[in-house]
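Bear in mind that the values here come from a model prediction, so they are computed numbers and not experimental data.
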Amino acid sequence: NETGATDEEGKFEDWIELYNDSDSRVDLGGFAISDDPARPQRYVFPDGVAIEARGYLIVWADDDQDDGPLHTNFNLSKSGEALSLVNRNGTIVDTVKFPELAADQAYARQPDGTGAWKITTPTYGVTNGGSVATREARAYAEAKLYPNPSAGDVTTLELPRTGLEVSIHDQLGRRVWQEINTSTQVEVSTAGMPIGMYVVSVRGEEGVRHLTLVRQ
């Protein structure tokens, strides 16, 4: 990652994205990610980390845990290596061996969570594309956030209709705001939200749309 997303410190660090393809929230506290088969629980998710249904979670693979709870104690190798997701019992839930990658390339599943692994363009916190993800990608495509990045105390979310569930989650997957919109323009108070990246989810009968909100 040389020119893409930046972490809380404004640094271009490598990152790992997890996707929850279920219809229920998943608690990741006690799960682990590792690039070393001899140490399957090398980086352990702290209590309270979760992924919402059809949601995404970013983990920074920068070997710098002083930067926050979602920063691993190992780096990724540009020449390729294997990564595993391990549950609390030490059982491997998912694993991938990624190949050598050039700068700003990703190795991702298309469709999200189920498809074949491919070298592709990074899609931080949003769908990787593919046929199964079409419903998500097209749902509420008109939804817009502005200003974004936001340095003030209010961000406006423009929506195509009313009656949608709108929620905001921080990088630990914790919900920090939620409502059912009664207007097509929702004023979201960001006052008190720490600097960082947030996931804004818009849900309704047509599917779900995830947007990334940057708080400066």
Taking every non-hydrogen atom, the tightest pair across [X] and [Y]:
| X | Y | value |
| --- | --- | --- |
| Phe31 | Asp27 | CE1-O, 3.8 Å |
| Ala61 | Ile16 | CB-CD1, 4.1 Å |
| Gln65 | Tyr43 | NE2-CD1, 3.5 Å |
| Tyr198 | Pro194 | OH-O, 2.7 Å |
| Gln41 | Ala32 | CA-CB, 3.5 Å |
| Ile58 | Gly125 | CD1-N, 4.0 Å |

Could you tell me whether the side chain of [Y] reaches within less than 4.5 Å of the side chain of [X], counting heavy atoms only?
| X | Y | value |
| --- | --- | --- |
| Ser34 | Val86 | no |
| Val200 | Val166 | yes |
| Tyr107 | Lys118 | no |
| Leu157 | Leu159 | yes |
| Val199 | Ile168 | no |
| Asp7 | Asp62 | yes |

Going only through I, L, V, M, F, W and Y residues with side-chain contacts under 4.5 Å, is there a path from [X] to [Y]?
| X | Y | value |
| --- | --- | --- |
| Leu18 | Val44 | no |
| Leu213 | Val188 | yes |
| Val49 | Ile51 | yes |
| Val176 | Val202 | yes |
| Leu70 | Val93 | yes |

Derivation and outcome, salt bridge (Lys or Arg N to Asp or Glu O under 4.0 Å), residues Arg215 and Asp153: CA-CA 9 Å; Arg215 172 77 164 138; Asp153 291 337; 3.6 Å; yes

Would you kindly say whether [X] and [Y] are connected by a side-chain donor-acceptor distance under 3.5 Å?
| X | Y | value |
| --- | --- | --- |
| Glu187 | Thr156 | yes |
| Thr182 | Thr162 | no |
| Asn20 | Ser22 | yes |

Donor-acceptor contact present, side-chain [X] to main-chain [Y], <3.5 Å:
| X | Y | answer |
| --- | --- | --- |
| Thr155 | Asn148 | no |
| Asn73 | Arg42 | yes |
| Arg25 | Ala53 | no |
| Ser77 | Ser79 | yes |

Output the distance between atom [atom1] ([X]) and atom [atom2] ([Y]), rounded to the nearest 0.5 Å.
| X | Y | atom1 | atom2 | result |
| --- | --- | --- | --- | --- |
| Asn87 | Leu28 | CG | CG | 10.5 Å |
| Asp67 | Glu13 | CG | CD | 7.0 Å |
| Asn1 | Asp14 | CG | CG | 6.0 Å |
| Leu101 | Thr120 | CG | OG1 | 11.0 Å |
| His169 | Trp177 | NE2 | CH2 | 12.0 Å |
| Asn75 | Asp64 | CG | CG | 9.0 Å |

More than 12 heavy atoms of other groups within 6.0 Å of Arg175 CZ: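 Counting other residues, nucleotides and ligands, CZ of Arg175 stays at 12 neighbours or fewer.
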
Lys11 atom NZ, neighbour heavy-atom count above 12 within 6.0 Å: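 Yes, the 6.0 Å shell around NZ holds more than 12 heavy atoms from other groups.
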
side-chain contact (heavy atoms from CB on, under 4.5 Å), paired with Glu17, selected from Asp112, Leu57, Val59, Asn128: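 Only one option passes, and that is Asn128.
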
Audit row: Thr127, Tyr56, side chain to side chain contact (heavy atoms under 4.5 Å, CB included) steps and yes/no: CA-CA 9 Å; Thr127 179; Tyr56 304 84; 3.4 Å; yes

Does [X] pair with [Y] as a salt bridge, N-O distance under 4.0 Å?
| X | Y | value |
| --- | --- | --- |
| Asp21 | Arg109 | no |
| Asp35 | Lys97 | no |
| Glu52 | Arg203 | no |

Parallel, tilted or perpendicular: rings of His71 and Trp60 (30°, 60°):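 Parallel, since the angle between the ring planes stays under 30°.
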
Residue pair Phe12, Asp104: steps toward the side chain to side chain contact (heavy atoms under 4.5 Å, CB included) verdict: CA-CA 10 Å; Phe12 295 101; Asp104 296 324; over 6 Å; no

Check against ring-ring contact (aromatic ring centres under 6.0 Å, His included), Tyr124 and Trp15: CA-CA 9 Å; Tyr124 182 100; Trp15 46 270; 5.2 Å; yes

From CA spacing to verdict: side chain to side chain contact (heavy atoms under 4.5 Å, CB included), Leu76, Lys78: CA-CA 6 Å; Leu76 298 181; Lys78 66 180 180 181; over 6 Å; no

Residue pair Tyr146, Glu158: steps toward the side chain to side chain contact (heavy atoms under 4.5 Å, CB included) verdict: CA-CA 8 Å; Tyr146 58 88; Glu158 190 173 296; 3.4 Å; yes

